[in-house]
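First the structure, in the form of structure tokens, and then the observations on it.
If you're wondering where the values come from, they're calculated on a predicted model, not measured in any experiment. In this chain, residues are counted from 1 in sequence order.
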Amino acid sequence: MATGIDTSFALFDTAIGPCGIAWNGRGIAGVQLPEGSPHETRTGLRRRFPEAREAPPSAPVRRAIDGVVALLRGEPCELERVTLDMDGVPAFHRRVYEVARTIPPGTTLSYGEVATRMGAPGAARDVGQALGQNPFAIIVPCHRVLAASGKVGGFSARGGVRTKLRLISSERAGGHGALPLFGGATEDPPPSH
């Protein structure tokens, strides 16, 4: 995603592996989930932000990193206040991401429930496609959105459904949610996320 302004990035360690974050003067431009090794995660960020330079994170970016690290450890955090650079993000996707950011840790909504909350009932498939292109993983908690049947659905990050389950499980293990973790969940991959 080219932003036209100076973009920086940094890698950081989490409970699920090395993640990356990119930012510019407008806010967080993207989050990169682990790609296996720090080198692969860095390569993923450079592919998305070819003009970006690696740099120490500013205080607001450091707070975002600390929030992601805490969430992935199952600890409370306040990622909904992180400023995102949505310049270049389609309007429909923005609305999906705004609704997804209201889903509390340890809880989930279906693609259809997200569509209904944004005033677009019947747009579940479009919601899934928008979440499949989420450039702000974890900060926009796309892992908290499931198929209507309660099945896990797909997940576009490395590890797919297993990563999605691990993210939700870490939130619930930290006492965020009281719902059981997908009793009979399968790995059916509806929409594209």
Side-chain angles (χ1 to χ4, degrees), residues 1 16 19 21-22 26-33 48 64 67-68 70-72 74-193:
M1 175 185 297
I16 66 169
C19 289
I21 192 165
R26 292 187 292 253
I28 301 302
V31 175
Q32 181 74 40
L33 291 176
R48 290 172 59 193
V68 169
L71 184 82
L72 294 175
E75 299 171 1
C77 64
E78 294 189 18
L79 290 171
E80 61 277 352
R81 294 184 182 173
V82 172
T83 301
L84 302 176
D85 175 11
M86 295 256 201
D87 192 53
V89 174
F92 182 84
H93 292 202
R94 284 182 194 201
R95 291 174 38 220
V96 170
Y97 302 159
E98 288 164 2
V99 170
R101 290 185 85 185
T102 69
I103 305 169
T107 62
T108 58
L109 290 178
S110 70
Y111 297 104
E113 288 170 324
V114 170
T116 298
R117 285 189 181 190
M118 54 186 281
R125 183 166 299 280
D126 296 326
V127 166
Q129 290 172 352
L131 290 171
Q133 297 173 33
N134 175 13
F136 313 105
I138 308 301
I139 295 173
V140 171
C142 51
H143 60 280
R144 296 180 190 149
V145 184
L146 311 175
S149 63
K151 292 181 179 176
V152 178
F155 195 60
S156 57
R158 180 182 172 92
V161 172
R162 280 174 296 165
T163 299
K164 188 171 188 174
L165 285 169
R166 188 169 181 192
L167 293 172
I168 295 171
S169 179
S170 72
E171 290 181 4
R172 290 186 177 158
H176 291 291
L179 302 174
L181 181 59
F182 310 112
T186 66
E187 295 190 13
D188 296 348
S192 64
H193 184 69

Practice problem: Kindly give the heavy-atom pair with the smallest separation between R101 and R81, and that separation in Å. | Solution: NH2-N, 4.0 Å
Quiz item: So how far is it from R117 CZ to I103 CD1, rounded to the nearest 0.5 Å?
Solution: 7.0 Å
Practice problem: Locate the shortest heavy-atom distance separating A115 from A124; write the atom from each residue and the value. | Solution: CB-N, 4.0 Å
Quiz item: Who are the side-chain hydrogen bond (donor to acceptor under 3.5 Å, both in side chains) partners of R94, not counting sequence neighbours?
Solution: none
Practice problem: Provide the closest heavy-atom pair for A70 versus P76 in the form atom of the first, atom of the second, distance. | Solution: CB-O, 4.0 Å
Quiz item: Quick one: OG1 on T102 to CG on L109, what's the gap to the nearest 0.5 Å?
Solution: 6.5 Å
Quiz item: Does Y97 reach the main-chain N or O of A130 with its side chain, forming a donor-acceptor pair under 3.5 Å?
Solution: yes
Practice problem: Report the distance from atom CG of D126 to atom NE2 of H93, rounding to the nearest 0.5 Å. | Solution: 8.0 Å
Quiz item: What pairs with V31 under side-chain contact (heavy atoms from CB on, under 4.5 Å), at least two apart in sequence or on another chain?
Solution: I21, I28, I139
Quiz item: Can you tell me how far CZ of R144 sits from CD1 of I138, rounded to the nearest 0.5 angstrom?
Solution: 8.5 Å
Self-check item: Rounded distance (nearest 0.5 Å) linking atom CD of Q32 with atom CZ of R48
Solution: 5.0 Å
Quiz item: Below 4.5 Å, heavy atoms only, C-beta onward: do F92 and V127 meet side chain to side chain?
Solution: yes
Quiz prompt | Minimum-distance pair of heavy atoms, taken over all atoms of A100 and V140 | solution = CB-CG1, 4.0 Å
